[in-house]
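Below is one structure; the comments refer to it alone.
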Amino acid sequence: MPNSVGKRFKPTKYIPVSTAATLLVGSTTLFFVFTCPWLTKAISPAVPLYNGVVFLFVLANFSMATFMDPGIFPRADEDEDKDDDFRAPLYKNVEIKGIQVRMKWCATCHFYRPPRCSHCSVCDTCVEDFDHHCPWVNNCIGRRNYRYFFLFLLSLSIHMVGVFSFGLLFVLHHMEQLGTLHTTVTLMVMCIAGLFFIPVVGLTGFHMVLVARGRTTNEQVTGKFRGGVNPFTRGCCGNIKYVLCAPLAPRYTGVDPRKKSPVSIQPPFIRPDLSDKLISIRVNDNGIHTSILRSKSKISLDGLALDEKGLDTQPPLPPKADRYTQLKSQLTSSEDSSLSGKTHPSTPAMYKYRPSFGTIPKVHYHAAGEKIEMPDKTSAILEEGRCHVDYRSEPNLDLPDYRNAPLHRAFQSSPLQLDSYPVNSRSLSLKQAHQRKDKSQLPETVTSTPYKSVFSPNTLSSRNGSLSYDSLLNPSISPAPVAECMAHPGMPSVGIHSPYLPTKTCHVRGPELQSQRQQVPPSFSPVLGSRGLGMGRSQSPHPQDRDPSPVRYDNLSKTIMASIQERKEMEEREKFQLLHHGGHSQAQDSGMFDSPSGYGLPPSACYSDGPRGPSSRGPTPPAYGGSRDNLMGVGVVNYGPRTPMLRSSGGSSLVRAPRNSSSSLHTDSNMQGSRAPEAPYRSPAHQPNHSPAMPHSPSYTHQKLSFIHALERTDSPRLGGPRDAMMQSKVNGQTDYHLGPNGSSAQGTPSRHSNVKKVTGVGGTTYEISV
Amino acid sequence: MATEFHNLQELRHSASLATKVFIQRDYSEGTVCRFQTKFPSELDSRIERTLLEDTVKTLNTYYAEAEKMGGQSYMEGCLACATAYIIFLCMETHYEKVLKKISGYIQEQNEKIYAPRGLLLTDPIERGMRVMEVSVFEDRGSSGSSLSSSATSGGSAQR
C-alpha cells in the first residue's frame with residue numbers, strides 16, 4: 001500500500017497541467033500543420049523556423065518547471081529537532097543585512113524555515129525561496145526552478161503573440177475562404193491564443209516586476225515588504241542577473257549519503273590541551289566537583305592557598321591591589337555574583353567545585369562510578385597537607401587571577417572564607433585534587449553507600465551554596481551562588497562521618513567567615529550547623545546517585561543556571577534564617593538523615609532521557625528546571641544504593657517523552673501522560689496540583705527528575721509542603737520558561753521554611769537543611 | 001549494580017554517539033550559503049577552536065565559489081538554454097562540481113582531524129544546507145554508560 005495518505009493518486013490535481021499541456025501542444029501543432037505552410041510560401045521559411053524554436057523553448061521550460069525539484073528541504077532528522085520541537089518558540093529572529101527577519105518553525109518538517117522558505121501544503125514540503133505552487137505545471141516554484149518558470153512565461157507569451165499574429169495574417173489573406181478547414185483551424189488557434197493571452201501576459205508582467213524587485217510571489221502577496229525594505233534585493237540589475245545567470249542550485253532530496261569510506265572513530269580520542277584554554281567546570285556526582293576551571297580560576301586555587309594568610313581580613317575587602325585582598329574581594333564578589341544569579345556565559349553556572357576535605361579521605365565520594373578516583377587522590381592530598389596538587393599539568397600555584405569570571409570567584413570564596421587555617425590547606429589541597437580529577441569525574445554517580453561515606457566535603461565546602469547543592473542535586477549543576485554554605489559537616493550526620501569540620505564549608509558570608517575562623521573547628525559544628533542547614537539543601541546527595549551528567553547540566557542554558565542559582569540563593573537565605581532559629585536542633589537532626597525508605601524513584605531514571613544538552617537551537621530552557629533542582633536539596637542518603645535498581649524501573653515510568661524537558665513544557669498531553677507514571681511516586685497531595693508540573697519532572701533532564709524525587713524523599717510530613725512549593729515553582733517555571741528563573745525560584749523557597757530536611761552530601765555527610 | 005554495568009561496559013572500548021552539535025547557517029548576508037563560524041561551546045573540550053573555525057571558514061569559501069554568479073555560470077545557463085536543457089543530462093553543473101569538492105574536503109577533515117577527536121562532520125547537503133551537524137562520540141567503554149553521555153564527556157574518552 002502506498003505510504004501516506006498524501007501520496008495517494010489524486011487525478012484532480014493533474015487536470016490543470018493536462019489541460020495546459022494539451023492546449024499548448026495541440027494548438028501549436030495545429031498551427032504548424034495548417035497555418036505554417038502558407039506562411040512559408042507567402043512570407044518566408046524563417047517563420048516556421050522561428051516559431052519552431054520558440055515553441056521548443058516553451059516546451060523545454062515547461063518541462064523544467066514541471067519536473068524539476070524546486071528546492072525541497074528534506075525533513076529534519078530526529079536528532080536535529082530534539083531540543084526544539086516541544087519547547088521551540090514559534091519564531092526565531094535572524095538579522096539579514098541589518099533587517100530582522102522571522103524564521104518560523106515548521107511543525108511538519110521540524111526545523112526553522114530558512115528565510116524565504118515556505119511550506120507548500122499541496123506538496124507538503126518546505127521549499128527554498130518559495131514562490132508559489134503553480135497548478136498549471138503541478139509543481140512548486142522555488143529556488144531551483146523559478147528561472148525556468150519565468151522563462152516559460154516569457155517564452156509562452158512570445159509564442160502566443162507569434163501564433164496570434166501569424167494566424168491573423170493568414171486569416172486576413174483568406175478572408176474569402178473563411179469556411180475552409182485551414183482558415184477555420186487557424187481561427188480556432190487564434191481564439192485560444194487570444195483567450196489565454198491576457199492571463200498569461202498579465203502573469204508574465206507580474207513576474208517581471210517581481211524579478212526586478214527581487215521578491216517572490218509569496219512575499220508580494222503576503223505583503224511582507226510592503227512599505228519596508230527587502231533585505232534580499234540586490235538591486236534591479238543584480239536581481240535580474242540573479243534570476244537568469246545564477247548557477248543551478250543543488251538538490252537536497254535524494255542525496256545519498258555518499259559512498260565515501262566510512263570514517264572510523266575509535267577511542268582514545270585526542271583532547272585539546274586545556275591548560276591554556278578555558279575549561280568548563282564539571283561536578284562530580286559525589287559532590288566533589290572537579291572542575292575544569294578556567295585557567296584563571298585554576299589560579300584561584302593557588303590564590304586560596306595564599307589566601308590563608310589573608311583570612312583574617314575583613315570580608316568586605318577594601319579595594320586593594322593586594323593579592324589577598326583581591327581574593328577576598330573576589331570572595332565577596334562571588335557571593336554577590338552568586339546571589340545575583342549571574343551566570344557567566346562561558347563558565348557554566350555549575351561550578352561545582354567543592355574542595356574536598358582532607359579529613360575525609362575515606363569517604364567514598366562517589367557512589368558510583370567510574371570516577372571514584374577521588375578518594376584516592378583525596379587521601380593523597382590530605383597527606384600532603386598543604387601541598388598543592390597539580391592541576392592537570394599545571395601547578396596551580398600561580399597567583400589567582402582575580403579578574404576572572406564569577407566561577408572563579410566562587411571557588412575562591414569557598415575555601416577562603418570557611419576554613420580556618422588548617423582547614424584551608426586541606427580544602428585547598430582537596431580542591432586541587434578535585435581539579436585534577438575533574439576530567440575524569442564525569443559521570444558522577446553516587447556510590448552505593450552514599451549516606452555513609454558520601455559526605456561530600458564538596459558539598460559542604462561549596463561555598464557556593466550552589467556547589468554543595470549542586471552536588472546533591474546534580475553534579476553538573478553547580479550554580480555559582482557561592483554564598484551558601486553547605487550543611488556543615490559538623491552536623492553530625494550519623495553514619496557519616498564527617499569528621500570534617502563543617503565549618504570549613506563555605507560560608508561565604510563575610511561575617512560568618514570570621515566567626516568561623518576564629519572558632520575551633522569542632523566547635524563550629526553547632527554554629528555552623530545552624531548555618532549550614534541552609535546549605536544543606538545543596539547536600540542532597542541523592543542526585544549523585546543518578547547518573548549524572550553534570551556535563552549535561554553544563555550545557556543548559558544560562559537561564560536555567562541562573563534560575564538554579566537564584567533558587568539556591570533563596571533557599572540558602574531562608575535556611576540561614578532558619579538556622580538562627582534552629583540552632584542545635586538542626587544539627588542533631590542530621591543524624592537521621594536519610595529516609596529514603598520507600599522512595600524508590602531513581603532519579604537517574606530520567607537521566608537517560610535527559611537532554612543531551614541544549615541544542616544549538618534550543619530555545620529557552622525552562623527556568624523551571626533550574627528551580628526544581630534547587631529545591632531538590634533534600635538529601636536522600638540511601639538513594640545511592642537503590643538507585644541502580646530503581647533506575648531502570650524508575651526510568652520506565654518516569655521517563656516519558658522522547659523529547660526532554662521541552663516536551664513537558666509544551667504539550668499537555670505529555671504532561672498527562674507523564675503524570676500517570678509518576679503518580680505512584682508522588683503523594684496524593686500532589687496529584688491535584690501538579691498535573692502540569694509533574695509531568696515536567698520526567699521530561700526534564702535527570703537533574704530535574706532527581707529533584708522531584710528528592711522532594712519526595714523528604715520527611716513525609718513535609719512532603720506536601722515542599723512538594724507543593726516545588727510544584728508551584730515548577731509550574732511557574734514552566735509557564736515562565738521564557739522568563740528568568742526568578743519566578744520559579746521565588747516560589748519554591750518560601751514554602752520550605754519550616755522543614756528541615758536531611759540532605760546527604762555526596763561525601764556522605766548529612767546535612768540538615770531547613771526547608 | 002551500576003558498577004557492574006560499568007565494569008562490563010568498560011570491557012569494550014568503542015565509541016558511541018553521544019550527542020550532536022549543530023552549526024547553523026549564517027544569514028547575515030542574505031540567503032547565500034554560509035555557516036556560522038561561532039564556536040559551539042559544547043565542543044570546547046573536544047577540539048581546538050581554531051581547527052573547527054578553519055574548517056567552517058574553508059567551507060564557506062567553497063560555498064561562495066559555488067554560488068558565484070560569474071562568467072562560468074552564465075555560460076552554463078546559455079548553453080543549457082540553447083540545448084533545451086538536454087545538456088543537464090550529460091554535464092555536471094558548476095555547483096555540483098564544487099559540492100563534490102566540498103564532500104571530499106569534509107571527508108578528509110573527518111579522517112584527519114575530527115575522527116581522532118571523536119567527532120564527525122556531516123556534509124550539510126545531507127541536511128538541506130540548513131545546518132552542519134557535528135556528531136560527538138564518546139568512548140563508551142570508559143564512560144560506562146550511555147546515560148552519562150554528553151558532549152563534554154571528554155574525561156571518559158581519555159581513559
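Chain letters run A, B, ... following the sequence lines, proteins first, then strands; residues in each count from 1.
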Proximal component of A:Leu151, with respect to chain B [non-hydrogen, under 4.5 Å]
side chain

Is it the case that the side chain of B:Arg25 and the backbone of B:Gln36 share a donor-acceptor pair, with hydrogens and angles ignored and the cut-off at 3.5 Å?
no

Minimal non-hydrogen separation, B:Pro40 against B:Ile23, with atom names
CG-CG1, 4.3 Å

Contact part of B:Ser28 toward chain A, heavy-atom cut-off under 4.5 Å: side chain, backbone, both or neither?
both

Looking at every non-hydrogen atom in both residues, tell me the closest pair between B:Gly128 and A:Phe73 and how far apart they are.
O-CE2, 3.2 Å

Under 4.5 Å from any heavy atom of chain A - which part of B:Glu111
both

Taking every non-hydrogen atom, the tightest pair across B:Gln24 and B:Val131
NE2-CG2, 3.3 Å

Sort A:Pro74 into side chain, backbone, both or neither according to what part of it lies under 4.5 angstrom from a heavy atom of chain B.
both

Look at A:Pro247, A:Gly98, A:Ala60 and state which one has the largest set of heavy-atom pairs under 4.5 Å with chain B.
A:Pro247

Contacting region of B:Pro116 [heavy-atom separation from chain A under 4.5 Å]
both

With no hydrogens and no angle check, do the side chains of B:Glu126 and A:Tyr252 hold a donor and an acceptor under 3.5 Å apart?
no

Heavy-atom pair of closest approach, residues B:Met132 and B:Pro124:
CG-CG, 4.0 Å

Under 6.0 Å between ring centres: does that hold for A:Tyr148 and B:Tyr85?
yes

Shorter than 4.5 Å, heavy atoms on both sides: which option in A:Pro115, A:Ala246, A:Ala249 has the most such pairs with chain B?
A:Pro115

Side chain, backbone, both or neither of B:Cys81 within contact of chain A (heavy atoms, under 4.5 Å):
both

The interface call for B:Tyr114 against chain A, heavy-atom contacts under 4.5 Å, is neither

Side chain from CB out, backbone as N, CA, C, O: work out which of these in A:Tyr242 comes under 4.5 Å of a heavy atom of chain B, or both, or neither.
both

Hey, are A:Asp77 and B:Arg127 close enough for a salt bridge, meaning a charged N less than 4.0 Å from a carboxylate O?
yes

Tell me every residue that passes salt bridge (Lys or Arg N to Asp or Glu O under 4.0 Å) with A:Asp69, counting only those two or more places apart in sequence or in another chain.
A:Arg251

Please answer whether the main-chain N or O of B:Leu79 pairs with a side-chain N or O of B:Thr83 as donor and acceptor at a distance below 3.5 Å.
yes

Do any of residues 55-68 of chain B come closer than 4.5 Å to chain A, heavy atom to heavy atom, and if so which ones, in number order?
B:Ala66, B:Glu67, B:Lys68

If I measure from the heavy atoms of chain A, does B:Leu119 come under 4.5 Å with its side chain, its backbone, both, or neither?
backbone

Counting only N and O atoms by type, is there a donor-acceptor contact under 3.5 Å from the side chain of B:Glu53 to the main-chain atoms of B:Lys38?
no

